[in-house]
Amino acid sequence: WAKQNGRDNAKLFQSYMAKEVTSGFQKEQDIKDALDNDQFFLVFQPQIDTAYGRIFGFEALIRWLHPKMGTISPDDFIPQAEESNLICRIDEWVLEKTVKTLDTWRSLEFDIQPVAVNISGRHFAAEGFLESIQTLLERYDVPGSWLKIEITEGVFIHNMDYCVEVMSGLKQLGVEISVDDFGTGYSSLHYLKMLPLDVLKIDKSFVSEIGDNVEGRKICEAIVQLAQNLELEVIAEGVENSHQCEVLNSLGCHLHQGYYHHKPLIEEAALEMLRTQSLQVENSKTG
Ligand code: C2E
Ligand code: MG
Ligand code: MG
Ligand code: MG
């Protein structure tokens, strides 16, 4: 009986694996096709300074406009892409698209704000990463201070000396570095002292617990204090309601990103927000 059962399980497992492998393979080919056929686009989520009610930056987030399936979210294809070097091609596409966008925004007559781009650990660790950013900025003559890089704590498992080298290089270009999803990784706090970081982004899982219980709020408080002590900026991600917004403000965290303030916007809408903000600043100067 046990043997029979085992054999059935093995069969089941094999057919399951076969499916996974083919669908995985198809997806990889699909992602390559999407790159070749220009099926990706970026949306830009505003980041708000609640102390001034102003946008101080954006995060660029990728979307896949699939010819049959419609818009696919990054959670449904980035993990797959991260299993191979395909993620480097995606990241490079995002970087170039972002820098191109900044280049076009510059020609308009209002203040632009920096755009943060997510970089996967594999790409960060790849040879020539720093040089590729430098080349891109030079090619479009875009100041490095308009670009920010978001990485997750997973990056720090790589050789510390290497991380310091790449990050120092980015800093020399004027590119700021944010730690994304802060608090969800397994890295030690040791690296916060060692690395030339600029920003901690409080993961949205902690922000979402603010209204639930005291502990939820305490984690946010601890991260804000840690950032302040280390003289890092702190941005709260996934702010969804006024209660979370108020609690974060009371903790001294005024930099927010979340649906409560703005959802990710298509490029034209993001630009319109900048234009409106710029006009308001002009009016307050003259008025
Ligand atoms: P992330 O970098 O932590 O990005 C924040 C995610 O939270 C985004 O989801 C954003 O739309 C979402 N979000 C923002 N505000 C709220 C809110 O108030 N409530 C909730 N529930 N969600 C909110 P998105 O765009 O689906 O991206 C998911 C993840 O995919 C990103 O997490 C990032 O890890 C990855 N990703 C997105 N774009 C890129 C990219 O261009 N390159 C790479 N390598 N990864 C990317
Ligand atoms: Mg991010
Ligand atoms: Mg995040
Ligand atoms: Mg994430």
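First listed ligand is number 1; within each ligand, the first listed atom is number 1. The model shown is predicted, which means the values in this text are computed figures rather than measured ones.
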Candidate with minimal heavy-atom separation from atom 20 (C) of ligand 1, of E82, K201, E240 = E240
query = Nearest heavy atom to atom 45 (N) of ligand 1: which of N118, T152, D203 does it belong to?
reply = N118
key: Pairs meeting criterion salt bridge (Lys or Arg N to Asp or Glu O under 4.0 Å) with involvement of residues 115-132, two or more places apart   = none
message = For a distance under 2.8 Å, tell me if D181 has an N/O/S atom near the Mg ion (ligand 3).
response = yes
query = Given OD1 of N118 on one side and OE1 of E150 on the other, what angle do they make at the Mg ion (ligand 2), to 10°?
reply = 90°
ask   = Are W146 and Y140 close enough that their ring centers fall under 6.0 Å?
value = no
ask   = Which N/O/S atom belongs to E237 and is the closest one to the Mg ion (ligand 3)?
value = OE1
key: I90 and ligand 1 - part of the residue with a heavy-atom distance under 4.0 Å   = neither
query = What N/O/S atom of E59 is the closest to the Mg ion (ligand 2)?
reply = OE2
Metal site the Mg ion (ligand 3): N/O/S of D180 inside 2.8 Å = yes
task = Have a look at ligand 1 and work out which part of V94, if any, has a heavy atom under 4.0 Å from it: side chain, backbone, both or neither.
result = side chain
remark   = Per-atom filter on ligand 1: closer than 4.0 angstrom to a heavy atom of P74 are 24 (P), 25 (O), 26 (O), 27 (O), 28 (C), 30 (O), 36 (N), 37 (C)
note = Using a 4.5 Å side-chain heavy-atom cut-off and chaining through intermediate ILVMFWY residues, the residues clustered with Y259 come out as none
Part of D180 within contact of ligand 1 (heavy atoms, under 4.0 Å) = side chain
